[in-house]
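Structure record follows, encoded as structure tokens.
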Amino acid sequence: MIIAVDGPTASGKGTIAKGLALHFGLPHLDTGLLYRAVGRQVQLNGGDPDQSVDALAATGFAESLLADPELRSEETGGLASRVSIHPAVREALYERQRRFAMQPGGAVLDGRDIGTVIAPEAEVKLFVTASVEARARRRYLEMRDLGRAVTQAEIEDDLRRRDRRDTTRATAPLTAAADARVIDTSSLDRHEAFASALAAVEEALDRSPPA
Ligand code: DC
């Protein structure tokens with residue numbers, strides 16, 4: 001079974017995807033981390049994330065980079081959003097994600113275009129979203145716990161900018177697949193969000209024709 005979990009930054013999709021993977025005993029891939037690694041590698045190379053050639057060269061990042069804590073920073077998230085608009089970067093990362101999705105037994109993947117591009121045949125598609133205010137609040141609390149000096153207003157501005165870039169890019173823009181179930185986590189805590197996602201998965205499985 002393939003479960004595709006798409007949605008904007010800080011919507012809760014990562015927590016939901018990890019929880020579902022654990023619940024169903026499936027491997028999980030956070031595809032945003034791949035784009036973050038490309039963004040970080042461009043920076044390490046001294047390249048320009050807005051230049052397709054520089055961004056493409058960075059897709060050859062070393063596996064060890066995926067464990068770099070800097071990948072979780074807001075700055076790297078912004079770089080990831082910039083490199084992700086280049087079709088050549090998306091193509092270079094496609095095969096790895098597709099292979100992960102198609103492994104025997106299935107998988108859970110979270111990102112922006114899992115249900116639309118990477119695994120359109122996924123049995124279950126969730127689109128996890130939340131208001132920009134709720135997402136900024138969550139991200140602010142996370143950053144504060146990490147000791148990062150940033151205000152909630154700065155985060156909110158940054159999220160709006162990234163949402164605009166992610167939803168308006170020409171290739172694989174962030175959008176809910178026509179057959180995705182939308183989960184709005186604005187007023188849900190992480191337990192409630194997971195419970196709501198699990199209920200949506202179970203309902204989707206009940207309705208899907210037997211294999
Ligand atoms: O989910 P995240 O915040 O880690 O993602 C960082 C950026 O990577 C996001 O702004 C857009 C890009 N991304 C993408 O284009 N496609 C994906 N499947 C995952 C992430």
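One-based numbering, in listed order, for ligands and for the atoms of each. Counting begins at 1 with the first residue of the sequence.
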Quick test: of every protein heavy atom, which one is nearest to [atom], and how far off is it to 0.1 Å?
{"atom": "atom 6 (C) of ligand 1", "result": "A80 CB, 3.8 Å"}
{"atom": "atom 19 (C) of ligand 1", "result": "T31 OG1, 3.5 Å"}
{"atom": "atom 10 (O) of ligand 1", "result": "D166 OD2, 2.9 Å"}
{"atom": "atom 16 (N) of ligand 1", "result": "R90 NH2, 3.0 Å"}
{"atom": "atom 8 (O) of ligand 1", "result": "Y35 CB, 3.4 Å"}
{"atom": "atom 4 (O) of ligand 1", "result": "R36 NE, 2.6 Å"}
{"atom": "atom 5 (O) of ligand 1", "result": "R112 NH2, 3.4 Å"}

With the threshold set at 4.0 Å, does a side-chain nitrogen-carboxylate oxygen contact exist between [X] and [Y]?
{"X": "K13", "Y": "D6", "value": "no"}
{"X": "R135", "Y": "D163", "value": "yes"}
{"X": "E142", "Y": "R139", "value": "yes"}
{"X": "E156", "Y": "R160", "value": "yes"}
{"X": "D158", "Y": "R162", "value": "yes"}
{"X": "R98", "Y": "E91", "value": "no"}

Next item on the list: Have a look at ligand 1 and work out which part of R72, if any, has a heavy atom under 4.0 Å from it: side chain, backbone, both or neither.
Entry: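 Near ligand 1, R72 shows nothing, with every heavy atom at 4.0 Å or more.
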Notebook entry, point to check: Out of curiosity, is R169 lining ligand 1, as in a heavy atom under 4.0 Å away?
Noted result: yes
Please tabulate, for the side chains in residues 25-33, all donor-acceptor contacts under 3.5 angstrom to protein atoms that are two or more places apart in sequence or on a different chain.
{"from": "H28", "atom 1": "NE2", "to": "D110", "atom 2": "OD2", "distance (Å)": "2.6"}
{"from": "D30", "atom 1": "OD1", "to": "G32", "atom 2": "N", "distance (Å)": "3.1"}
{"from": "D30", "atom 1": "OD1", "to": "L33", "atom 2": "N", "distance (Å)": "3.4"}
{"from": "T31", "atom 1": "OG1", "to": "D110", "atom 2": "O", "distance (Å)": "2.6"}

In terms of atom number and element, which parts of ligand 1 are under 4.0 angstrom from non-hydrogen atoms of [X]?
{"X": "K13", "value": "1 (O)"}
{"X": "G111", "value": "18 (N), 19 (C)"}
{"X": "S84", "value": "11 (C), 12 (C), 15 (O)"}

Item checked: Nitrogen or oxygen of D113 less than 3.5 angstrom from that of ligand 1 -> yes
Checklist line | Identified side chain to side chain contact (heavy atoms under 4.5 Å, CB included) counterpart of S81 within the set T9, L174, D166 | finding: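 When side chain to side chain contact (heavy atoms under 4.5 Å, CB included) is applied between S81 and each of T9, L174, D166, only D166 qualifies.
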Note to self: I need the single residue from K125, R169, R90 that forms a salt bridge (charged side-chain N to carboxylate O under 4.0 Å, His left out) with D113. Which is it?
What the structure shows: R90
